[in-house]
Amino acid sequence: MSSNPTRHLVRYGGSFSPDLIARAEGSYVYTESGRALLDFTSGQMSAILGHSHPDIVATVREQVGTLDHLFSGMLSTPVVQLAQRLAESLPEPLEKVLLLTTGAESNEAAVRMAKLVTGKHEIVSFTRSWHGMTHAAAAATYSSGRRGYGPVAAGNLALPTPNAYRPDFTHPDGSLDWQRQLDFGFEMIDAQSVGSLAACIVEPILSSGGVIDLPPGYLRALKDKCEQRDMLLILDESQTGLCRTGDWYAFQRDQVVPDILTLSKTLGAGLPLAATITSTEIEAMAHERGFLFFTTHVSDPLVAAVGNTVLDVLIRDELDDRARRAGALLRDGLLSIAGRHEVVGDVRGRGLMQGIELVTDRDNKTGADELGAAVTRRCYDLGLHMNVVQLPGMGGIFRIAPPLTATDDELHSGLEMLDQAIAECAH
């Protein structure tokens with residue numbers, strides 16, 4: 001192997017980790033030299049059952065030797081079962097399932113379906129959104145990746161992000177007035193619209209945008225705005241779906257059911273599996289109008305079998321309850337760290353999807369990109385893999401999402417390493 005392992009690789013964002021990874025198990029990944037790294041990001045925020053979970057390993061071994069891939073028009077038992085089980089896990093009327101591979105692809109299908117069903121083309125999303133790197137998903141992404149690529153699809157409109165830590169519209173006490181912000185946002189959207197508003201796509205917790213949890217009540221008000229304009233509401237639960245937040249789906253906290261739901265990362269627990277889920281009414285209308293999303297790996301049996309196993313483990317091990325309890329432990333630990341270090345400006349999130357924001361000045365909330373990078377490096381040296389948001393102005397925000405299977409001891413260990421790294425880098 002070349003002495004420079006990245007010599008033949010295209011650099012696709014951020015920087016590569018300094019070591020080659022040889023294997024992974026549970027909450028740890030191991031370098032080729034044998035060093036263990038506690039994984040506080042669940043891979044790419046996906047491995048909710050940890051790495052190499054024995055049930056997943058057994059399913060892959062059996063399924064790959066039986067039925068792995070088919071012509072896209074053929075169905076198999078794992079696909080039919082997974083569609084049924086996902087529908088049963090969701091409130092009405094979400095009961096029609098399209099199984100795909102990535103979050104971007106599921107969002108692409110959702111936007112394409114919304115445009116076809118409504119007969120309109122304008123798509124609204126948050127100013128700090130991230131929905132993927134394919135055409136429509138990238139057009140609805142505002143947190144990064146827009147410069148230098150030329151025009152996106154016409155009709156993409158941005159909605160202000162309700163960031164309680166950095167409020168733009170405020171009550172007299174300085175807290176975020178999200179209702180006034182939302183009203184203003186839609187006044188701007190209405191002013192720019194050509195009368196063709198098809199859908200609004202949002203994450204219940206913006207992850208790449210800085211782990212921003214939508215305020216309670218916001219999602220209901222957003223759904224009302226959409227209904228007033230005959231728009232569909234698409235919820236992107238790529239990272240929040242399937243017990244990560246302590247609920248099976250993050251939207252359950254707000255008792256708001258989207259018109260279209262997209263899942264990915266957590267559904268495959270690290271393998272490429274995604275889903276676009278909608279109502280019978282919307283699916284029927286899309287079908288009548290010739291909905292087309294025929295891809296090479298639509299309805300693949302191998303990953304569908306993995307999806308069924310993921311649901312089995314989540315139910316058997318009551319991992320929604322585990323995420324709530326472990327999330328409380330994690331939050332208490334992060335708040336304790338914030339109490340000891342002035343550079344921690346905010347702690348936010350739900351369940352086992354939490355974030356902390358480092359600042360150089362708590363009063364002015366000045367971002368701390370350089371400090372974030374230094375803490376990330378020091379955590380890595382200590383044996384903890386942390387994910388800092390690698391976007392300009394947000395380099396001091398950490399996304400913390402350990403596996404739902406992480407033990408209390410592992411969470412305590414990670415918090416101790418993070419505490420030490422902040423102490424050493426901030427002083």
Side-chain angles (χ1 to χ4, degrees), residues 69-87 90-125 131-141 150-157 193-202 223 226-238 257-264 267 272-301 303-304 307:
H69 169 71
L70 290 171
F71 170 71
S72 295
M74 292 179 173
L75 293 178
S76 62
T77 295
V79 167
V80 173
Q81 286 180 338
L82 182 56
Q84 178 182 339
R85 295 179 70 189
L86 285 173
L90 288 159
E92 294 181 351
L94 296 174
E95 57 183 7
K96 288 287 189 175
V97 180
L98 173 64
L99 295 177
L100 299 163
T101 55
T102 68
E105 192 177 38
S106 62
N107 288 332
E108 202 79 26
V111 169
R112 189 173 176 87
M113 183 180 290
K115 289 181 176 180
L116 184 65
V117 166
T118 62
K120 298 183 285 187
H121 72 276
E122 292 174 322
I123 303 296
V124 174
S125 53
H131 296 294
M133 288 283 92
T134 53
H135 183 67
T141 293
V152 298
N156 280 272
L157 304 170
S193 171
V194 298
S196 190
L197 291 168
C200 179
I201 179 170
V202 298
K223 181 75 181 293
C226 291
E227 289 177 346
Q228 291 162 11
R229 293 159 178 79
D230 294 322
M231 301 167 65
L232 299 184
L233 176 63
I234 303 169
L235 287 189
D236 176 355
E237 292 228 26
S238 168
V257 181
D259 298 292
I260 305 176
L261 173 69
T262 63
L263 304 173
S264 56
L267 180 58
L273 176 63
T276 303
I277 308 172
T278 191
S279 66
T280 297
E281 180 183 4
I282 290 174
E283 190 276 340
M285 193 178 302
H287 177 68
E288 289 167 6
R289 297 184 180 185
F291 180 66
L292 180 65
F293 210 85
F294 206 88
T295 75
T296 302
H297 293 287
V298 65
S299 295
D300 258 2
V303 287

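All values derive from a computational prediction rather than experimental measurement.
Taking the side chain as every heavy atom from C-beta outward, Leu232 and Ile260 approach each other to under 4.5 Å. Between Leu94 and Pro258 the shortest side-chain heavy-atom distance falls below 4.5 Å. Side-chain contact between Met113 and Phe293 is absent, with no heavy-atom pair separated by less than 4.5 Å. The shortest side-chain heavy-atom distance between Ile201 and Ile123 falls under the 4.5 Å cut-off. When side chains are defined from C-beta on, Ile277 counts as touching Leu90, because their heavy atoms get closer than 4.5 Å. Counting heavy atoms from C-beta outward, Thr296 and Phe71 have side chains that stay 4.5 Å or more apart. Two residues are said to be in side-chain contact when any heavy atoms from C-beta on lie closer than 4.5 Å; Glu105 and Thr134 fail this criterion.
Residues Leu82 and Gly307 approach most closely at CD1-C, 3.8 Å, considering heavy atoms. Smallest separation of non-hydrogen atoms from Ala109 and Leu100: CB-CD1, 3.9 Å. Across Phe291 and Leu98, no two heavy atoms sit closer than the pair CE2-CD2, 4.3 Å. Taking both residues in full, the closest heavy atoms of Ala275 and Ser106 are given as O-CB, 3.6 Å, listed atom of the first, atom of the second, then distance. Of all the heavy atoms in Ala274 and Leu267, the pair that sits closest is C-CD2, 4.0 Å. The shortest heavy-atom contact between Ala104 and Gly132 is CB-CA, 3.7 Å.
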side-chain hydrogen bond (donor to acceptor under 3.5 Å, both in side chains) evaluation trace for Ser279 with Glu95: CA-CA 6 Å; Ser279 66; Glu95 57 183 7; over 6 Å; no
May I have the step-by-step check of side chain to side chain contact (heavy atoms under 4.5 Å, CB included) for Thr118 and Asp230, ending in yes or no? CA-CA 8 Å; Thr118 62; Asp230 294 322; over 6 Å; no
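Expressed to the nearest 0.5 Å, how far CD of Glu108 lies from CE of Met133 amounts to 11.0 Å. To the nearest 0.5 angstrom, Ser299 atom OG is 6.0 Å from Leu75 atom CG. The distance from atom CG of Asp300 to atom CG of Leu99, rounded to the nearest 0.5 Å, is 9.5 Å. Rounding to the nearest 0.5 Å gives a distance of 10.0 Å between NE2 of His135 and CZ of Arg112.
Listed by chain and number, the residues in a salt bridge (Lys or Arg N to Asp or Glu O under 4.0 Å) with Arg85 are Asp312 (sequence neighbours excluded). Take Ala139 and apply the side chain to side chain contact (heavy atoms under 4.5 Å, CB included) test, not counting sequence neighbours, and it matches Val152, Asn156. Listed by chain and number, the residues in a side chain to side chain contact (heavy atoms under 4.5 Å, CB included) with Thr141 are Trp130, His131, Ser143 (sequence neighbours excluded). Under the side-chain hydrogen bond (donor to acceptor under 3.5 Å, both in side chains) criterion, Thr262 pairs with Asn107, sequence neighbours left out. With sequence neighbours excluded, the residues satisfying salt bridge (Lys or Arg N to Asp or Glu O under 4.0 Å) with Arg229 are Asp190. Every residue meeting the ring pair (Phe, Tyr, Trp, His ring centres under 6.0 Å) condition with His297, not counting sequence neighbours, appears here in chain and number order: His69. Considering only residues two or more places apart in sequence or on other chains, His287 meets the side chain to side chain contact (heavy atoms under 4.5 Å, CB included) condition with Glu283. Scored by the side-chain hydrogen bond (donor to acceptor under 3.5 Å, both in side chains) test, Thr102 finds no partners at all (sequence neighbours excluded). Residues passing the side-chain hydrogen bond (donor to acceptor under 3.5 Å, both in side chains) test with Ser72: none are found, sequence neighbours excluded. For the side chain to side chain contact (heavy atoms under 4.5 Å, CB included) test, no residue two or more places apart in sequence or in another chain qualifies with Glu92. In terms of the side-chain hydrogen bond (donor to acceptor under 3.5 Å, both in side chains) criterion, residue partners of Ser264 (sequence neighbours excluded) are, by chain and number, Ser238. Applying the salt bridge (Lys or Arg N to Asp or Glu O under 4.0 Å) criterion to Glu227, with sequence neighbours excluded, gives Lys223.
At least one donor-acceptor pair closer than 3.5 Å links the side chain of Glu122 to the backbone N or O of Leu197. The backbone N or O of Leu263 sits nowhere less than 3.5 Å from a side-chain atom of Glu237 that would complete a donor-acceptor pair. Side chain of Ser196 to main chain of His121: a donor-acceptor pair is present (N/O by atom type, distance under 3.5 Å, no hydrogens or angles). Counting only distance, with no hydrogens or angles, the side chain of Thr278 and the backbone of Asp259 share a donor-acceptor pair below 3.5 Å.
By the neighbour-count criterion of 12 heavy atoms within 6.0 Å, atom CE of Met74 is sparsely surrounded, having that number or fewer from other residues, nucleotides or ligands.
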